[in-house]
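Residue numbers count from 1 along this sequence.
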Amino acid sequence: MNVKLCEGLKKIPLELNELQLEQLNIYTEAVLEFNKTYNLMKAENADELFVNHVLDSLVAVPHLKKLTAELPEVNASDIGSGGGCPGLPLAVALPEWNFTLVERMEKRCGFLESAVSKMKLKNVKVLCSQADSVPPESFDVEVFRAFHPFDKKIVKLLFRMLKPQGFLAAYKARSEKIAEEMEGVKMMIGSHEKIPLTVPFLEDHERNLVIVRK
């Protein structure tokens, strides 16, 4: 099993069983194989993929668990899933959640469907569709990473898919950029919460989880 992954999980801290670790390993192998012919995700090797994408996705798990502790079940989506982050690592770490990976590009959808099958994930489905075609009030939680900056059009789209009392969880980088984005949509969202994240082996990179409630 990958040393970086195991050490990183201890730092988060997040405990995964052998099946979950194997599922993450299968996922990274699938990404690296697909990268040979189609530039899916920026990563030269397994270590880089585990750190920059998998651990970067998983570092939010303890916070997401706290935020959904009152919900009897969670229907979550990864909007603009692309290569599957954060959705697939989160689906592995949160098997009790139901995930929908929303992606509009057919090649990426094909990869996601293949990865879900190889990983034998029972809590994930792939929706090959534009986000604006998703039925209203479908999700309790919407996560996204490198999807789109917050602007009025995007917030309106994301809120339409969100159930009442649901929330957005956006993986973002610098606080200054976040403040700039949120200033432009403050009339639509009211307040937001910014949770600092420390990604193992990327401690010098600023990362934040931005929570916006409907």
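Atom CD of E7 is separated from atom CG of L55 by 10.5 Å, given to the nearest 0.5 angstrom.
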Take E142 and K214, measure what salt bridge (Lys or Arg N to Asp or Glu O under 4.0 Å) needs, and give me the verdict at the end. CA-CA 11 Å; E142 292 171 21; K214 186 170 181 179; over 6 Å; no

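Judged as a ring pair (Phe, Tyr, Trp, His ring centres under 6.0 Å), not a single pair has a partner in residues 189-214 (not counting sequence neighbours). Each salt bridge (Lys or Arg N to Asp or Glu O under 4.0 Å) pair with one or both residues in residues 63-89, not counting sequence neighbours, would appear here, but there are none. The stretch residues 22-58 participates, sequence neighbours left out, in these ring pair (Phe, Tyr, Trp, His ring centres under 6.0 Å) pairs: F34-Y38, F34-F111. Residue pairs meeting the ring pair (Phe, Tyr, Trp, His ring centres under 6.0 Å) criterion with at least one member in residues 119-172, sequence neighbours excluded, are F144-F147, F144-F150. The salt bridge (Lys or Arg N to Asp or Glu O under 4.0 Å) contacts involving residues 22-45 comprise E33-K36, where partners must be two or more places apart or lie in separate chains.
Judged as a salt bridge (Lys or Arg N to Asp or Glu O under 4.0 Å), and not counting sequence neighbours, K10 has no contacts. Annotation: side chain to side chain contact (heavy atoms under 4.5 Å, CB included) contacts of L19 (sequence neighbours excluded): N17, Q23. Residues meeting the side chain to side chain contact (heavy atoms under 4.5 Å, CB included) test with E176, sequence neighbours left out: R174, E206. Checked against side chain to side chain contact (heavy atoms under 4.5 Å, CB included), L71 has the following partners two or more places apart in sequence or in another chain: T68, V74, D140. Every residue two or more places apart in sequence or in another chain was checked for a side chain to side chain contact (heavy atoms under 4.5 Å, CB included) with E15, and none qualifies. With sequence neighbours excluded, the residues satisfying salt bridge (Lys or Arg N to Asp or Glu O under 4.0 Å) with K186 are E183.
Formation of a donor-acceptor pair under 3.5 Å by the E137 side chain with backbone atoms of L162 is not found in this model.
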Quiz: residues 121-128 side-chain donor-acceptor pairs under 3.5 angstrom, not counting sequence neighbours:
unit_1, atom_1, unit_2, atom_2, d
N123, ND2, A91, O, 3.1
N123, ND2, L94, O, 3.4
N123, ND2, W97, O, 3.0

